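Below is one structure, written out as structure tokens, with a few remarks after it.
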Amino acid sequence: MKVISAYLLAVVGGNASPSADDVNAILSSVGITLDGEASSQLDSLISEFEGKSAQQVIAAGMEKIGKCPGGGAGGSSGAAAANTSAADAGGDAPKEEAKKSSSEDF
């Protein structure tokens, strides 16, 4: 994450095609030095971005993510809708009178 974050930070800073030295300068400014694996990730990242803008790569990634099925939060909203429609359809339930609290007596 630190490699891609530093790369994109350089892009946002106005460098459309950051080099490994540019990314290393950003990381070293906050006390981070890359080990062998992270350095190879940086080299791979730079070669993957060669000839492409960060915006193009992000747009392509968003297109791929858009094809993935969603999930998670959808179930809870359906349950809430079911409770609402049950309350609307029921109508037979007695309604309780609103009780006044002591703070409303002012």
Side-chain angles (χ1 to χ4, degrees):
M1 287 298 288
K2 61 187 167 194
V3 172
I4 187 70
S5 298
Y7 185 91
L8 291 175
L9 186 61
V11 170
V12 170
N15 186 347
S17 183
S19 67
D21 289 336
D22 296 330
V23 174
N24 281 320
I26 290 170
L27 292 171
S28 67
S29 73
V30 292
I32 297 173
T33 56
L34 298 179
D35 60 5
E37 182 181 339
S39 184
S40 65
Q41 288 176 347
L42 175 58
D43 293 337
S44 175
L45 176 74
I46 290 174
S47 67
E48 290 290 326
F49 271 78
E50 191 172 326
K52 303 172 192 166
S53 71
Q55 292 80 8
Q56 290 172 327
V57 173
I58 291 170
M62 293 300 289
E63 184 178 325
K64 288 180 183 179
I65 289 174
K67 293 178 183 177
C68 294
S76 64
S77 63
N83 288 339
T84 303
S85 61
D88 291 342
D92 295 337
K95 295 185 180 182
E96 294 182 24
E97 292 183 24
K99 295 181 182 178
K100 290 184 179 180
S101 66
S102 62
S103 64
E104 292 179 24
D105 293 337
F106 292 19

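Because the structure is predicted, anything quoted here is derived from the model rather than measured.
- Residues Leu34 and Lys2 approach most closely at CD2-CE, 4.1 Å, considering heavy atoms.
- Results of the side chain to side chain contact (heavy atoms under 4.5 Å, CB included) test with Pro18 over Val23, Leu45, Asn24 single out Val23 as the only residue that passes.
- Taken from CD1 in Ile4 to CZ in Phe49, the straight-line distance is 4.5 Å, to the nearest 0.5 Å.
- When all heavy atoms of Lys52 and Gln56 are compared, the pair lying nearest together is CA-OE1, 3.3 Å.
- The side-chain hydrogen bond (donor to acceptor under 3.5 Å, both in side chains) analysis of residues 33-44, with sequence neighbours excluded, yields no pairs.
- Listed by first then second residue, pairs satisfying side-chain hydrogen bond (donor to acceptor under 3.5 Å, both in side chains) with a partner in residues 4-21 read Asn15-Asp22, Ser19-Asp22, not counting sequence neighbours.
- At a threshold of 4.5 Å between side-chain heavy atoms, the hydrophobic network of Ile, Leu, Val, Met, Phe, Trp and Tyr places Val12 and Ile32 in two separate groups.
- Not counting sequence neighbours, the partners of Leu9 by the side-chain contact (heavy atoms from CB on, under 4.5 Å) test are Ile26.
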